[in-house]
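Because only heavy atoms are used, hydrogens play no part in the values below, and waters and symmetry mates are left out as well, while side chains stay in.
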Amino acid sequence: MAGGGTLSGRRLRGLGTKQGFLAPAVAFESTLGEGGLIDFSPADQVVEVGAGMPISELQALLGAEGQCLPLLDPAEWGAAAAGYPGTVGGLLACNLPHGYMASCGMPRDWVLGATLRRPDGTEAKSGSRAVKSVAGYDAHKLGVGAWGRGLMYVRVILRTYPTKGLPAMSIVQSAPIQAPVFIQRCLRSDFDSMLRQTPGVVAHDPQTQVIWSQERPATPPEGWVIGPGGYRARPAWMDEAEAAFLSTFDPEGDWI
Amino acid sequence: MGESDIFAGLASVLPPERILGSEAARRVYAHDAYTVDRSAPDVIVLPETTEEAQSVIRWCLAHQVPFTPRGAGTGLSGGAMAAKGGVILSTKRLNRILQIDIPNRRLHAQAGVANLKLSQAVAAEGFHFAPDPSSQSVSTLGGNIAENSGGPHTLKYGVTAPHILAMTWIDNAGEVRTWGTGVEGGPGPDLLSVLVGSEGTLGFVTEAWVKLTPLPARVETLLASFPSVVAATETVAEIIAAGVIPAALEMMDRNILVAVQAAFGLEVPAGTEAMLLVECDGSPAAAQAEIEEVYAICQRFGAIELKLAANEAERKHLWTARKKGVGAMGRLAPTVVTHDGVIPRSKLPEMLTFVYEVAEAERLGVANIFHAGDGNLHPCFYFDDREPGVVERVVRAGERILTKCIELGGSVSGEHGIGVEKVDFMPLMFSEADLALQGDVKRMFPISEFANPCKVLPNLKGCVEHQRRWRGAAH
C-alpha cells in the first residue's frame with residue numbers, strides 16, 4: 001500500500017533526515033526557525049526547547065548535566081537511532097522505534113507539553129512542565145506519529161533521562177544501516193517468523209519486536225510497516241483515526 | 001422524560017434486574033469519591049457486554065437522555081457524577097477477563113475489572129499490570145483509562161496510557177469502535193493516547209487490551225524518617241538530581257503519620273515530621289546499587305531513622321502507612337477532601353510550605369501524603385462539614401493551592417482529572433486559544449450534549465444552570 005500525500009500542499013521539514021520515509025514533495029516549510037533553549041531544569045529532568053532544535057544540539061546541552069534523550073548514536077546505528085540527528089519536532093512527529101524503547105518507551109511518552117501551530121498559523125499550548133498531568137485533552141500528543149500533518153510542534157517540553165541510569169539496549173545489528181529503511185513492528189509471537197522471512201535485515205530488537213530491513217517485508221499479521229517513499233502498511237483503525245484528525249486540524253490539506 | 005419513562009424505556013433494551021432506580025440507589029450514585037458536589041441520576045444500568053452498553057447509549061441518544069459512565073466510583077473530581085441526571089452507565093457487570101496472552105505479554109479484559117485483579121491474574125506467570133493507583137483493589141480498568149491513572153510506581157513505569165494497547169469503545173454517536181492492536185506505535189497520529197485520559201467524555205470504553213510488565217527480579221524498599229518536611233523534600237530533589245529513578249518515591253507528613261500510628265500501630269520515631277518511602281527495583285545488582293545510593297542521600301540530609309525491608313512481609317509493613325494513610329484519616333475528622341495538583345518536583349519545598357500556610361490561614365487541618373517523585377501533591381484537608389462556612393474555606397484553600405501549582409509551572413490535576421470539580425480552573429491554566437484547541441480535540445470524535453455532560457471543558461452547553469443545582473449539594 002502506498003501513501004503519504006500528494007504533490008500539492010507544503011511539507012514541514014526540519015533537517016530533512018526522515019524525508020525519505022515520505023512521498024516526494026515540491027514545496028517545503030522549514031521548522032528550523034523555531035529553535036533554542038527555553039528552559040532546562042536538571043533537577044526536574046525536564047527541558048523546554050524550540051522544536052526546530054537539532055537533537056544533536058539538545059543532546060550536547062543535556063549531556064553537560066549528565067542527562068540525555070535515550071537515543072543511539074547515529075554514527076553507529078543509522079536509522080535505528082530514530083530521530084537523531086534530526087530535530088526535536090521531527091523526533092516527535094515521526095515517533096520512530098529506537099534503541100532504548102524497551103526501557104524508556106517511545107518519544108510519545110517523553111512529551112509533557114507543547115505549543116502547537118495549525119496550518120492557518122494559530123498557536124495554542126497543551127500540557128505543562130509537570131511529569132504527569134490530567135488537565136483536559138492531551139493535545140500535545142496529537143502530533144506524535146502524524147508525520148508533520150495537521151499540527152506542527154513549535155515548542156516542546158520533554159522529560160529527560162539520566163545518562164548513567166540508561167540500561168543496556170537490546171538491538172542486534174547485522175549489517176550497516178543506510179537510511180531510509182523499512183521498519184516493521186510485530187507481535188512477540190510472530191517475531192521469529194517475521195525475522196526469518198524478511199529480506200535484507202540490517203538490525204532487530206527482540207525486546208520490542210522491531211525489524212529494520214533494506215528490503216520491503218511482508219505485512220505482519222498484527223503490526224505495521226513504515227518504508228521509503230511513503231510506504232505504509234498499517235491497521236485500518238489508524239486510517240480512521242488519521243481521517244478524524246486531518247478533517248479537524250487540516251481540512252484543506254495544507255501540510256502533506 | 002421522567003424517571004419511570006426512562007426505566008420503562010431501558011427495560012426494552014436491558015433485563016429489568018439490571019436497571020436500578022430506587023431512592024437508595026440513586027442517592028448512592030449521586031456522587032463518586034468527590035463528595036462536595038452531588039447530582040442524582042434517574043436510573044443506573046448495569047450492562048454485561050459491549051452490545052448491551054451500545055443499546056443503552058443508542059436509546060439514550062435517541063431519547064435525549066443524558067448518560068454518564070461510572071466504574072467503581074473512586075474518582076476524586078466528580079467525573080462519574082450524573083451532572084444533568086439521566087442514566088449512570090456502570091461497568092460493575094463488565095467484570096470479566098476475556099483472554100490472557102502471556103507469549104505476547106498482554107491481557108484482554110472488560111472495563112469493569114478491578115485493577116488489582118489484572119495483576120493477580122498473571123502474577124503466577126511473573127507479570128503485572130504496572131499502573132497501581134492507591135485505589136487499585138477496587139478502581140477499575142475503565143476508570144483508570146478514563147483518568148489516565150497514576151500510582152506510587154508511576155515514577156518508573158509511567159501512567160496508564162503507555163500500558164493500553166487497544167480499546168473497544170462506543171463513541172458518542174453510538175458506534176462501536178476497536179482502536180489499537182497488540183503492537184504499539186506506528187505511522188499515524190496517536191489518537192489512542194488522547195482517548196486515554198479523556199475522562200470518559202469522548203466515548204464509553206467497554207474492553208481493553210493491556211500491556212503486561214514482567215515483575216522485577218528484586219525489590220528494595222526503604223522507609224526514612226526526617227526531622228522536617230523541608231529535609232524530606234530536599235532529599236527527594238537530591239535523589240532525582242543524582243540520576244536515580246526509583247520505582248516509587250512517596251512522602252507522608254506528620255499528620256498522616258499520627259493517623260496511621262493510631263490506626264495501625266505504625267512505629268514513628270520521636271521527632272519525625274515526615275517520612276519517605278523509596279522503592280528501587282530491577283536486576284538484583286541494579287536495585288541494590290540504587291537503594292544504597294538513596295540510603296546515603298537520606299543519611300546526608302539528616303534522616304533520623306532508616307528502615308530497609310529484609311523480606312516481603314517487612315516490605316508490606318513498610319507500605320502500610322502509604323497504602324492506608326488516607327483511610328486512616330477518618331480518625332482525624334468526619335470529612336476529608338483530597339486535592340490533587342502537580343508541580344515540577346524541584347519546587348516541592350516551596351509548595352509544601354505554601355500548603356501549610358494556606359491551611360493555617362483558612363483554619364483547616366491538612367495532611368500530606370503524596371507521590372513526591374512525580375511532584376504530585378495530595379493535600380488532604382480534614383474538617384467537620386457540619387461547621388458553618390467550612391466547605392467554602394476548603395474550596396478556597398483548594399483554589400489557592402491549584403493557582404500556585406500553575407504559577408510554578410505545574411498542572412491543576414496530576415491524576416484525578418478535571419471532572420466537574422475543576423472545570424472552572426481550566427481557564428486559569430489555559431488561554432482561550434488553548435481551550436479552543438482542546439475543543440477541537442473533542443470535535444475529532446462524534447459529540448453529543450447528552451454524553452457525559454459538563455465535564456472537563458468549561459462553559460459547555462446548559463451546564464452553568466445545572467452547576468448551581470449540584471455545587472456544594474453535600475449540604
Side-chain angles (χ1 to χ4, degrees), chain A residues 41-46 66-67 95 97 105-106 108-109 116 122-139 141-147 149-150 162-165 185-189 209 220 222-224 226 232 234-235 237-242 244-245 248-249, chain B residues 103-105 147-148 150 154 158-159 162 177-191 193-194 197-198 237 240-241 243-245 342-346 374-376 409-418 426 429-431 433-434 436-438 440-445 456-457:
Chain A
S41 171
D44 291 318
Q45 292 173 8
V46 172
Q67 295 187 24
N95 196 36
M106 294 183 291
R108 168 195 79 179
D109 305 320
L116 297 149
T122 55
E123 290 184 6
K125 70 176 192 320
S126 167
S128 75
R129 289 183 190 198
V131 291
K132 65 179 181 183
S133 171
V134 190
Y137 306 112
D138 284 350
K141 300 235 170 122
L142 263 184
V144 173
W147 285 82
R149 302 182 74 186
T163 311
K164 77 165 190 184
R185 194 168 183 192
C186 64
L187 283 179
R188 202 169 274 267
S189 55
Q209 297 82 53
E222 207 170 314
W224 45 261
I226 296 172
R232 304 287 186 262
R234 63 184 188 186
W237 76 269
M238 282 191 181
D239 295 331
E240 206 183 315
E242 186 172 74
F245 170 69
T248 306
F249 289 99
Chain B
N104 288 309
R105 298 185 177 183
E147 303 300 328
N148 199 8
T154 294
V159 288
R177 296 168 189 268
T178 295
W179 280 18
T181 64
V183 181
E184 284 179 283
D190 193 357
L191 269 59
S193 280
V194 175
S198 60
I240 300 294
V244 178
I245 303 181
V342 60
I343 50 164
R345 42 208 162 190
S346 63
D374 294 322
N376 188 183
S411 164
V412 295
S413 175
E415 56 185 5
H416 295 173
I418 299 301
M426 290 288 277
M429 186 167 166
F430 297 111
S431 70
D434 302 340
L437 173 64
Q438 296 208 15
D440 279 345
V441 172
K442 192 170 179 180
R443 271 185 284 281
M444 285 192 300
F445 306 92
V456 183
L457 295 178

Checklist outcome for this item: Honestly, the part of Ile240(B) sitting under 4.5 Å from a heavy atom of chain A is both

Item to check | Options Thr178(B), Asn148(B), Asp374(B), Val194(B), ranked by heavy-atom pairs under 4.5 Å with chain A, top entry | outcome: Asp374(B)

Next on the checklist: As an exercise: rank Gly158(B), Pro187(B), Ala433(B) by heavy-atom pairs under 4.5 Å with chain A and give me the winner.
Outcome noted: Pro187(B)

Item to check | Proximal component of Val159(B), with respect to chain A [non-hydrogen, under 4.5 Å] | outcome: side chain

Next on the checklist: If I take atom CE from residue Met426(B) and atom CD from residue Gln438(B), how far apart are they, to the nearest 0.5 angstrom?
Outcome noted: 4.0 Å

Next on the checklist: Determine whether a donor-acceptor pair (N or O, by modelled atom type, separation under 3.5 Å) exists between the side chain of Asn104(B) and the backbone of Arg188(A).
Outcome noted: yes

Checklist outcome for this item: If one checks every heavy atom of Glu123(A) against chain B at 4.5 Å, the contacting part turns out to be backbone

Item to check | Smallest separation among heavy atoms of Phe249(A) and Met444(B), with atom names | outcome: CE1-SD, 3.7 Å

Item to check | Partner chain B: residue of Ala135(A), Ala130(A), Ser126(A) with the largest heavy-atom pair count (under 4.5 Å) | outcome: Ala135(A)

Item to check | Residue part contacting chain A, namely of Thr154(B), when any heavy atom lies under 4.5 Å | outcome: side chain

Item to check | Trp179(B) CH2 to Glu240(A) CD distance, which is reported to the nearest 0.5 Å | outcome: 5.5 Å

Checklist entry - Are any non-hydrogen side-chain atoms of Tyr137(A) and Leu142(A) less than 4.5 angstrom apart? => result no

Next on the checklist: I'd like to check Ile245(B) versus Pro162(A) (side-chain heavy atoms, cut-off strictly below 4.5 Å). Are they in contact?
Outcome noted: yes

Checklist entry - Which bit of Lys141(A) comes within less than 4.5 Å of chain B, counting heavy atoms only: side chain, backbone, both or neither? => result both

Checklist entry - Salt bridge check: are Glu242(A) and Arg232(A) linked by an N-O gap of less than 4.0 Å? => result no

Checklist entry - Just wondering, do Leu437(B) and Phe430(B) contact through their side chains at under 4.5 Å, heavy atoms? => result no

Checklist entry - Between Ser133(A) and Ser411(B), do the side chains contain an N or O donor and an N or O acceptor separated by less than 3.5 Å? => result yes

Item to check | Ser41(A) vs Ser346(B) side-chain heavy atoms within contact, under 4.5 Å | outcome: yes

Item to check | chain A interface, residue from Asp440(B), Val441(B), Val244(B), Val412(B) that has the most non-hydrogen pairs under 4.5 Å | outcome: Asp440(B)

Checklist entry - Which bit of Val456(B) is near chain A, if near means a heavy-atom gap under 4.5 Å: side chain, backbone, both or neither? => result side chain

Item to check | Largest heavy-atom contact set with chain B, pairs under 4.5 Å, which of Pro220(A), Pro235(A), Cys186(A) | outcome: Cys186(A)

Item to check | Heavy-atom pair count under 4.5 Å with chain B, highest-scoring of Leu116(A), Val144(A), Asp109(A), Thr122(A) | outcome: Val144(A)

Checklist outcome for this item: Residue from Ala43(A), Gly136(A), Gly223(A), Ala139(A) scoring the most non-hydrogen pairs under 4.5 Å with chain B is Gly136(A)

Checklist entry - Would you say Val183(B) and Gln209(A) make side-chain contact, with heavy atoms under 4.5 Å? => result no

Item to check | Region of Thr248(A) in contact with chain B, defined by heavy-atom distances below 4.5 Å | outcome: side chain

Checklist entry - Which residue out of Arg129(A), Met238(A), Arg185(A) racks up the most heavy-atom pairs below 4.5 Å with chain B? => result Arg185(A)

Item to check | chain A interface, residue from Ser413(B), Ala241(B), Pro162(B), Gly243(B) that has the most non-hydrogen pairs under 4.5 Å | outcome: Ser413(B)

Checklist entry - Which bit of Leu457(B) comes within less than 4.5 Å of chain A, counting heavy atoms only: side chain, backbone, both or neither? => result side chain

